[in-house]
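Small disclaimer: the values here were computed from a predicted structure and weren't measured.
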Amino acid sequence: MNTRTIHNACRRAGAWALVAVATVAASPTRAAEQVAGSIMFTRTELKPDTTPANRSLWLYDVDSGATRALTPAMKNALDGGGSWSPDGKRIAFERASMHVGHSATYRVHIFDTASGHVHVLASGDGSFRAPAWGPGERIAVAATYRNRNCVTIVDAVRRSTRDLYCPPAPAQIQRVAWSADRRSLLVEAGYYAGRLEPTWRALAYRVDVATGAPTVLDDRIMDWPLRLEFSPDGRRGIYADIVPWDLLQVNFSTGESRIVGWGYAPRWSHNGRRIAYTGETYEIEPEFRYYNPLYVVNADGSGARRVTASRTPDHAYMAADWSKDNVHVVATRRTWADVSLTIPRDALRIVNVDNRVVMSLPPGSADAGAWFEP
């Protein structure tokens, strides 16, 4: 069996099964840790076959500790992929409607945190997903139509849509992010090429919001798809797998690349100076243990250090978002309800990466852009 076959087998098992970690530091008071704001997260109920039955959106108030549901748990509806409005009063999120024997249909919705009102933002002939809220009322989404895939701008008030850029077929848009100056969009795309031994062609673009003009940032062939995490300034990116693998950082200006760590789920700090990621640890004696601690490394790949202390088998910490002070990370702590590692039990944590103090939060799972701070 070759390396690629072994790795693909690990990926199939590892999407759920290559796991682990947790921390044991006592939970501090919120005032002592000087954290504030609101964290959006999801809760998922599973079917007997362990596939998702529904997923709902929730909100945690860091100041008060209060938790509330934003959307109800509805059969065959998966809510997630939320993005905050600039003022923190609304959330754009995607809802996947699952249909037996058919592909999921995606729609972007808006939730008003004050009134609790939810309305559909973009509909029509196509699927709209992965919303990214930019300046004012502009929301970027990945739109999939019958004959094309596009980066689309939707007005949150008028609900009007404008296809900004449609990459050449057969490229599929994976994710859209705004640049720090909000003048361009960073787009991750790609497609499989070849038949006998298909490879993945990974593409990254910068698209001018005013003109729709694209600039190719990266174009490379991979053995399998890797997720691209853009730096806040859009000048660099990190390719990562869904299980521990080389974290490949690419400089889009020079084309240079280097390995900055071994793990998965990298998240850049807001100032672009540090990267949080999920690493892995094997212990052989006195008994075998495998688990995935949270690590932090400098953006140049130096100074990697573990920031969670737990040695509990089959735990994993996955960074979701950084605080504005670039010191705290909200992360999902995953454990398992069964020895086969098929039923995940997720809970939120806030980790101070400087002093390794961990704050326990409610059950749930967070993703990139989860934390809003005034």
Show the numbers, then the answer: is there a side chain to side chain contact (heavy atoms under 4.5 Å, CB included) between Val330 and His328?
CA-CA 7 Å; Val330 60; His328 299 86; over 6 Å; no
Can you tell which of Asp218, Asp223, Asp219 makes a salt bridge (charged side-chain N to carboxylate O under 4.0 Å, His left out) with Arg201?
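Of the listed residues Asp218, Asp223, Asp219, the salt bridge (charged side-chain N to carboxylate O under 4.0 Å, His left out) partner of Arg201 is Asp219.
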Under 3.5 Å donor-acceptor, [X] side chain and [Y] backbone:
| X | Y | answer |
| --- | --- | --- |
| Arg274 | Asn326 | yes |
| Thr308 | Pro293 | no |
| Glu94 | Ala130 | yes |
| Gln174 | Arg227 | no |
| Ser38 | Phe372 | no |
| Asn355 | Val357 | yes |
| Ser340 | Thr342 | no |
| Asp163 | Cys150 | no |
| Thr278 | Gly263 | no |

Could you walk me through whether Trp178 and Leu185 pass side chain to side chain contact (heavy atoms under 4.5 Å, CB included), step by step?
CA-CA 5 Å; Trp178 288 84; Leu185 287 166; 3.4 Å; yes
Just jot down the side-chain contact (heavy atoms from CB on, under 4.5 Å) partners of Ala202, sequence neighbours excluded, or say none.
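Scan of Ala202 (side-chain contact (heavy atoms from CB on, under 4.5 Å), adjacent residues dropped) gives Trp200, Arg220, Met222, Tyr239.
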Trace of the side chain to side chain contact (heavy atoms under 4.5 Å, CB included) decision for Arg138 with Arg182:
CA-CA 10 Å; Arg138 290 184 292 181; Arg182 298 299 193 258; 5.8 Å; no
Are [X] and [Y] packed together at the side-chain level, in the sense that at least one heavy-atom pair is separated by less than 4.5 angstrom?
| X | Y | answer |
| --- | --- | --- |
| Thr113 | Trp84 | yes |
| Ser360 | Arg349 | yes |
| Tyr205 | Val216 | yes |
| Asp346 | Phe41 | no |
| Trp336 | Pro344 | yes |
| Val141 | Arg107 | no |
| Glu283 | Tyr291 | yes |
| Glu229 | Ile275 | no |

Do [X] and [Y] belong together in a cluster built from hydrophobic side chains that touch within less than 4.5 Å?
| X | Y | value |
| --- | --- | --- |
| Phe111 | Trp58 | no |
| Val353 | Val358 | yes |
| Val297 | Tyr295 | yes |
| Val154 | Trp133 | yes |
| Val187 | Leu203 | yes |

Any chance the side chains of [X] and [Y] put a donor and an acceptor closer than 3.5 Å?
| X | Y | result |
| --- | --- | --- |
| Ser179 | Ser184 | yes |
| Ser56 | Asp79 | no |
| Asp241 | Trp224 | yes |

Once rounded to the nearest 0.5 Å, what's the spacing between atom [atom1] of [X] and atom [atom2] of [Y]?
| X | Y | atom1 | atom2 | result |
| --- | --- | --- | --- | --- |
| Ile238 | Leu248 | CD1 | CG | 9.0 Å |
| His119 | Arg90 | NE2 | CZ | 8.0 Å |
| Ile39 | Thr67 | CD1 | OG1 | 9.5 Å |
| Leu294 | Arg333 | CG | CZ | 13.0 Å |
| Arg236 | Thr254 | CZ | OG1 | 10.5 Å |
| His270 | Asp325 | NE2 | CG | 9.0 Å |

Given side chain to side chain donor-acceptor pair (under 3.5 Å), test Glu280 with Tyr264 step by step and report yes or no.
CA-CA 9 Å; Glu280 69 174 348; Tyr264 62 101; over 6 Å; no
Would you sort out whether Asp246 and Arg258 count as a salt bridge (Lys or Arg N to Asp or Glu O under 4.0 Å), showing the intermediate values?
CA-CA 9 Å; Asp246 287 331; Arg258 60 183 170 188; over 6 Å; no
Can you give me the closest heavy-atom contact between [X] and [Y], atom names plus distance?
| X | Y | result |
| --- | --- | --- |
| Ala276 | Val329 | CB-CG2, 4.3 Å |
| Val260 | Asp300 | CG1-C, 4.4 Å |
| Val35 | Asp63 | O-OD1, 4.1 Å |
| Ser83 | Pro131 | CB-O, 3.5 Å |
| Arg306 | Thr281 | NH1-OG1, 4.0 Å |
| Ala366 | Thr332 | N-OG1, 3.0 Å |

Between the side chains of [Y] and [X], is the shortest nitrogen-to-carboxylate-oxygen separation below 4.0 Å, so that they form an ion pair?
| X | Y | answer |
| --- | --- | --- |
| Arg43 | Glu45 | no |
| Arg175 | Glu188 | yes |
| Asp112 | Lys89 | no |

More than 12 heavy atoms of other residues, nucleotides or ligands under 6.0 Å from CZ of Arg183: is that the case?
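Atom CZ in Arg183 is not packed in, count stays at 12 or less.
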Should the ring pair Phe93 and His109 be called parallel, tilted or perpendicular, given that the plane angle runs from 0 to 90° and is split at 30 and 60?
parallel
May I ask you to decide if the ring planes of Trp262 and Trp245 are parallel, tilted or perpendicular, using 30° and 60° as cut-offs?
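Tilted.
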Partners of Glu256 by salt bridge (charged side-chain N to carboxylate O under 4.0 Å, His left out), sequence neighbours excluded?
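Not a single residue meets the salt bridge (charged side-chain N to carboxylate O under 4.0 Å, His left out) criterion with Glu256.
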Under the side chain to side chain contact (heavy atoms under 4.5 Å, CB included) rule, what do Arg356 and Val351 come out as? Steps first, then yes or no, please.
CA-CA 6 Å; Arg356 305 206 314 172; Val351 182; 5.9 Å; no
